[in-house]
Every structure is written in C-alpha cells, then in structure tokens.
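Working notes, structure below.
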Amino acid sequence: MKSKAINLLSFMEAYKDDEVFESYKYINNIESMQEQEYAGVNEIASHIFHNIEHQAGVETKKLFGYHLDKKVEIGFREQFDLLRFSNDSILNIELKSERISDEEIKDQLLRHKFVLGCVDTEKEIYTFTYVSETKELFTISNESLTKVTIDILCSAISLDYLENNLLDDLDADSLIVSPYSDIKRFIDHRYFLNSEQKKIVQDILSTTKKVSMIKGGAGTGKTLVLFDLADKLTKQGNKVLLIFCSILENPIEIDNHVDFKFIHIRQLQNLSIENFDYILLDESQRLYEVNYNRVIESPAKLIFCVDKAQTLKYDEISLNVEQKLENIVGIQKFDLKEKVRTDESLSTFILKLFEKDRNGLQPIEFPKVNAVYFDSVRRARYFIEVMKRDENYESIEVASYKTKATGTTYNEKINSDSKDGFTVIGREYENVIIPIDDRTSYIGNKLVFRPKGFYYPYLGTNGLFQAITRVKKHLLFVVINNKEIYAEIQELINWEKRRNLKRISSRLKLLRETNNYQFSDLAKVCKCLESTYKNIEETGKFPNNKILNRLSNFYNVSSNFLIGEPIELSMTEFDIAYQKKIKDMNKEQISELNQSLINFLNNQ
C-alpha cells in the first residue's frame with residue numbers, strides 16, 4: 001500500500017488521536033484539507049466500513065485505494081474530495097458538511113462525471129455526494145439527482161483498485177474544445193463549461209433584454225459560450241444566426257454541422273437577417289461600422305462577444321464597438337474573467353516578453369519555448385517549411401497589407417505562406433512558429449512591431465501578440481538578423497536560471513566583503529587562479545564541486561547555503577524590529593544600518 005493512496009480503516013484509526021492524525025496527514029500528503037473535510041471523510045468511511053465489515057472477507061478490498069483532496073488545474077479548476085480508480089471504473093464521493101440546494105449538488109456531480117469521463121472513456125463513472133448535516137447520499141441517474149442508500153454506494157466500489165491518481169495524466173485538450181478547430185467535438189457535446197460560463201448561459205437564456213454583451217480576454221472561452229447559447233436557443237425553437245466577425249477557412253463546414261445558421265463576416269452582405277430571432281456575434285470588436293449598424297437595427301435579440309484588446313486595425317479602435325455597446329441603455333453585460341485556456345508557463349513568458357518590467361510574475365521554467373537564429377532569410381524560410389512539414393508547426397506572422405488602388409504590398413511576410421492575426425483569431429494551434437526580423441524591437445521595456453512600407457493601416461504590435469497567443473503547446477521563434485531580440489528571448493527563456501545564478505553571485509560577494517577578504521585570499525582557499533574565482537563570483541557558477549566544497553568548508557557553511565534558495569526570514573523579534581526599522585528608509589540609509597549592525601556583531 002503506497003502512501004497517498006488511503007485505506008479507510010487506517011484513516012479512521014488515525015483520526016481518533018489528534019497527535020497521530022497530524023503525522024498521518026503529512027505522511028499521506030493531505031495536510032491542506034479543512035477540519036470539516038477530515039470529519040466528512042471519517043464519517044463516510046465509517047458508513048462504508050460498517051456496511052462491509054460483516055460480509056465476506058474479500059469485500060474489505062473496498063477499503064483500499066482512496067485519493068483525497070485532488071485537483072484538476074489545467075485551464076480551469078475542479079476539486080475532488082474522494083476518488084478511487086479501478087481497472088473498469090472511477091468512483092467520486094463529494095462531502096458536504098451542510099445541506100446545499102439540489103441544483104448545486106447536481107451541477108457539481110455532472111461536472112465531475114464529465115471530467116472523470118475524459119480520464120478514460122472506457123471506464124464506468126460513479127459520482128456521489130454525502131451531506132453530513134442531513135445524512136443524505138445522492139447520485140446522478142439518467143441526468144437526474146437521486147437520493148440513494150449506502151448499499152448503492154458500496155455496490156459501486158470495485159474490488160480491485162489502482163494506486164496512481166489518474167487525474168495526473170489528464171490532458172486539457174480532452175476537456176476544452178474550440179468549435180472553430182473541432183466542430184465535431186462540439187456537436188457530440190464533448191465539452192465542458194465552467195460555473196462562470198454556465199451562469200452566463202443561463203442568465204442570457206432567461207433574459208428579456210434585446211442586447212447582451214459578453215466581455216472577456218483571450219482564453220476565457222467566449223466562443224464556446226456563444227456556440228452553446230446558439231445550440232440551446234435553437235433547441236428552444238428559435239431561428240438563430242451566429243456570425244464570426246473575421247475570416248474563417250471553413251465556415252461552410254461548420255454551418256453544415258450545426259442546427260443554427262453560421263457565417264463569417266464576408267458572407268453577411270449576401271444574407272437577409274430580418275427573420276432571425278437571435279443574432280450572436282463572435283469577435284465583434286472587429287466589426288465595420290456598416291455591419292454594426294445593420295445588426296443593431298435588426299429586430300432580433302443580439303448577443304455580442306467582444307474583446308477590445310484583440311483589435312487589429314486603427315479603424316477598429318476608432319469605432320470602438322465595446323464602448324458603443326456600453327452606451328446602450330438597458331444592455332445586459334457579462335464579464336468572463338476565469339481563463340479556461342491557460343498554460344502558466346506560456347502565459348508568463350508571453351506577458352514578460354511584451355513587457356520586460358511587468359510586475360506580478362515569478363521566474364519559472366519555460367520548457368515549451370525555444371528560439372533559433374538565421375542570418376539568411378532563404379535558410380530561415382527553408383527551416384520553417386521543414387518544421388511545418390515534419391513537425392506539424394503552424395507559422396504565424398503580422399499581416400501584410402496590399403493596397404486596393406495599386407496592388408502594392410507593404411510589410412511583406414518573411415514566409416509568404418504564414419497565417420496572420422486576421423486568419424487565426426479565435427483559434428489555437430498545437431505548435432507555433434513566430435518568424436522575427438528587424439521589424440521587432442524593444443522601445444524601453446515594451447516589445448513593439450514597426451511595419452515597413454509607406455502605408456500600413458493595421459496594429460502591428462497587436463498582430464504580433466495575436467500570433468504568439470495562438471499557441472497551445474510549443475512556441476518556436478525563428479529570428480532572422482536580429483541579435484538583440486534573439487538575446488532578449490534567450491535571457492527570458494533562462495529567467496529562472498539567471499535569477500538563481502544572480503542570487504549565488506550576490507551571496508558570494510556579500511560573504512567576501514563582510515569578512516574583508518580579497519579575491520586573492522579566496523583563490524588560495526579554492527586552489528584556483530584569481531581570475532577563476534572572480535568569474536565564479538561574477539557569474540554564480542562553480543566550475544566543479546571541489547571548489548564549491550573548499551569554499552563552503554572555509555566559510556564553515558553547507559554548500560547548499562552558497563548555491564541554494566535564499567534563507568527566509570525566521571521572523572524572530574530581531575527580524576520584525578529590523579523590518580519595521582527599514583520600512584521608510586532609502587537604500588543608502590539601509591546600507592548604513594546594515595554596516596552598523598555588522599560592525600557591532602564583529603566587535604562582540
């Protein structure tokens with residue numbers, strides 16, 4: 001029996017004694033749960049144990065293999081109180097200390113059933129909720145909430161069990177669907193709406209308002225909400241039109257799969273819209289004024305999805321669809337804030353890339369980001385084509401612009417076959433290449449794209465952001481003749497490593513200066529050249545473990561002290577008094593105080 005896979009009998013025994021249970025929690029990695037949750041586990045464990053203890057011995061196998069307080073955090077967050085995996089089934093028991101509404105219980109169990117079904121489509125999924133206050137046990141049967149006995153729960157527990165938590169292998173792609181990329185999964189209802197999205201859908205379905213607006217940034221799931229609304233409104237007997245306010249490669253394919261009418265914006269001029277009950281508009285910040293006015297004046301109820309951060313033209317900023325909607329009296333407004341498509345590593349990298357001094361981001365590893373350099377455009381194009389063909393990458397760039405009057409092309413793409421912000425908005429790709437040349441640079445701490453050509457009506461930097469944010473898994477920069485940007489990307493990719501080396505360097509310097517040693521003194525201790533030691537202190541890198549150990553022995557500290565994480569303040573009375581003292585000091589005053597303290601300690 002592995003730790004972290006709980007046996008219910010052992011849990012109940014440990015729970016009897018506070019001191020024993022404290023150790024039991026840490027051994028099994030369940031120390032973050034709340035007290036009422038532990039009590040709930042103990043209560044349901046007792047019910048299961050008493051149900052099977054008088055049965056044949058083999059039934060006691062049902063006490064093994066439980067996982068407590070497990071979470072899914074891959075674009076959304078779901079928490080599971082008790083889980084048990086077997087070869088043929090997955091069991092989930094949710095615990096409530098107090099009675100909540102039937103609708104809340106049902107909603108959670110249906111969500112959990114869907115998520116667990118994505119772990120393994122072949123396994124039977126059993127979901128239950130136990131309420132301690134009322135001693136009630138619920139499950140889902142034929143999409144309805146049903147009250148059941150503990151016998152039903154115990155009969156759902158298989159004799160075999162798996163000790164591994166299968167949620168660890170869950171892929172976000174199993175749960176999140178983009179209708180523009182995979183309409184079949186939407187039609188088959190193989191998708192997930194989080195609680196925020198579901199509430200917006202329910203509120204719009206019940207509203208009497210003529211105009212509704214859903215605001216949300218990239219990755220918040222606006223498109224899926226809109227498609228779900230269109231589907232539900234159609235099933236209610238309404239005539240529904242959904243307009244994608246940009247360009248799609250496959251609008252007819254989507255229209256053929258759904259029961260409502262679907263078009264992209266270029267098809268609107270040839271379509272009569274007066275007979276629709278509802279018109280839904282995705283990426284409506286990209287509307288031209290003539291199309292906006294035509295839709296607003298129609299008799300249909302209107303639902304706009306908008307994100308002004310994803311405007312790509314100066315005209316779109318001038319029109320400002322979002323502000324026009326805000327000014328409509330009586331409009332129903334919703335904000336989607338919870339991102340359902342997010343990779344913390346990629347998201348952090350992109351935010352830091354566009355704004356080097358951005359606060360609120362911590363250094364982490366970026367294993368999904370890479371960069372290559374070419375001094376030849378021809379070789380770079382060849383490389384891009386190879387990556388597209390052999391490694392399934394999609395090349396995305398800032399759009400070029402062709403004048404209508406003369407046919408002159410401005411701001412030509414590096415790779416002529418690359419997609420651009422206009423053709424990828426609303427979609428994502430597993431692997432993305434971003435070709436970069438001297439049009440991309442930093443002005444101050446902000447990354448900007450400066451297009452080439454006499455006239456360019458598009459927002460170049462927004463187009464670059466749109467291109468980069470289309471990635472789902474692997475992001476590859478192909479940099480051509482721009483050593484500055486290549487170095488900046490390299491610095492960012494190694495942000496965490498550089499931070500750690502800088503910390504080591506600072507610590508070594510502080511140790512030397514505090515103890516009044518010269519570089520030559522420490523070079524002798526380390527049995528290396530003085531230039532070698534200087535390089536160690538400047539870079540934070542030790543050439544070998546022998547030098548590291550010699551230096552740590554000399555200072556009478558562990559090697560981990562020299563190269564490990566910073567020692568956190570212990571918050572003794574001294575630490576607290578020190579923090580209070582320096583609160584309003586400037587750097588010079590803090591430095592003087594530190595030197596005074598060091599002198600005091602050295603003279604004792």
Side-chain angles (χ1 to χ4, degrees), residues 5-6 8 11 30 33 36-37 40-48 51-52 62-74 76-162 164-171 174-176 188-195 197-198:
I6 302 294
L8 295 184
F11 182 96
I30 57 172
M33 296 172 64
Q36 65 267 25
E37 293 175 319
V41 173
N42 187 64
E43 188 171 339
I44 194 67
S46 298
H47 285 306
I48 294 171
N51 184 272
I52 68 174
K62 295 184 176 184
L63 299 174
F64 288 83
Y66 291 84
H67 298 267
L68 275 57
D69 191 34
K70 297 303 177 185
K71 299 178 181 66
V72 172
E73 294 180 290
I74 47 174
F76 64 93
R77 188 179 187 278
E78 280 293 329
Q79 181 178 3
F80 298 82
D81 292 337
L82 269 81
L83 285 170
R84 189 176 187 272
F85 304 97
S86 74
N87 289 318
D88 300 316
S89 65
I90 301 175
L91 172 72
N92 169 220
I93 306 173
E94 290 303 304
L95 305 169
K96 307 297 178 188
S97 57
E98 299 177 349
R99 185 68 158 88
I100 59 175
S101 71
D102 285 2
E103 191 58 37
E104 289 175 292
I105 295 173
K106 178 183 175 182
D107 181 63
Q108 184 183 48
L109 291 183
L110 286 174
R111 290 200 319 269
H112 284 196
K113 191 167 187 175
F114 173 81
V115 174
L116 295 173
C118 293
V119 172
D120 189 331
T121 56
E122 301 298 318
K123 293 185 188 295
E124 194 72 35
I125 310 299
Y126 301 104
T127 55
F128 295 86
T129 294
Y130 178 74
V131 184
S132 295
E133 181 185 43
T134 59
K135 312 301 181 191
E136 294 173 296
L137 183 66
F138 298 92
T139 192
I140 294 292
S141 177
N142 297 322
E143 301 296 307
S144 298
L145 189 67
T146 305
K147 192 183 296 186
V148 295
T149 65
I150 199 70
D151 292 336
I152 299 297
L153 169 60
C154 290
S155 67
I157 306 174
S158 61
L159 293 177
D160 69 294
Y161 64 92
L162 304 175
N164 293 330
N165 175 20
L166 300 187
L167 285 181
D168 291 340
D169 300 324
L170 191 61
D171 187 349
S174 303
L175 297 160
I176 304 168
D188 293 341
H189 293 277
R190 288 161 49 206
Y191 64 91
F192 178 91
L193 292 183
N194 62 29
S195 54
Q197 293 169 321
K198 286 183 99 170

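Note that the structure is a prediction, hence the values are computed from the model and not measured.
Counting heavy atoms from C-beta outward, Ile105 and Leu145 have side chains that approach closer than 4.5 Å. The shortest side-chain heavy-atom distance between Lys62 and Leu159 falls under the 4.5 Å cut-off. Side-chain contact check for Ile44 versus Ile150: some heavy-atom pair is nearer than 4.5 Å. Side-chain atoms of Leu82 and Asp69, non-hydrogen and from C-beta on, never get closer than 4.5 Å to each other. Contact annotation: the side chain of Thr139 never approaches that of Tyr126 to less than 4.5 Å [non-hydrogen atoms, C-beta and beyond]. Contact check for Phe85 versus Lys123: no side-chain heavy atoms found under the 4.5 Å cut-off. Contact annotation: the side chain of Val72 approaches that of Val115 to within less than 4.5 Å [non-hydrogen atoms, C-beta and beyond].
Using a 4.0 Å cut-off between charged side-chain N and carboxylate O, Lys198 and Asp107 make a salt bridge. Ion pairing between Lys71 and Glu78 fails under the 4.0 Å rule for side-chain N and carboxylate O.
Remark: side-chain polar atoms of Asp160 are paired, donor with acceptor, to backbone N or O of Asn87 under 3.5 angstrom. In this structure, Lys106 contributes its side chain and Glu143 its backbone to a donor-acceptor pair below 3.5 Å. Without hydrogens or angle criteria, Thr129 side chain to Phe138 main chain gives no donor-acceptor distance under 3.5 Å. Side chain of Ser89 to backbone of Ser86: no donor-acceptor contact under 3.5 angstrom is found.
With 3.5 Å as the limit, one finds a donor-acceptor pair spanning the side chains of Ser101 and Glu104. When only modelled atom types and interatomic distance are considered, Glu136 and Tyr130 share no side-chain donor-acceptor pair under 3.5 Å. Checking Lys96 against Gln36 by side-chain atom types alone, no donor-acceptor pair falls below 3.5 Å. Looking at Ser158 and Arg84, their side chains do bring a donor and an acceptor atom within 3.5 Å of each other.
By the 30° and 60° cut-offs, the orientation of the rings of His112 relative to Phe80 is tilted.
Heavy-atom contacts from other residues, nucleotides or ligands closer than 6.0 Å to NZ of Lys147 number 12 or fewer.
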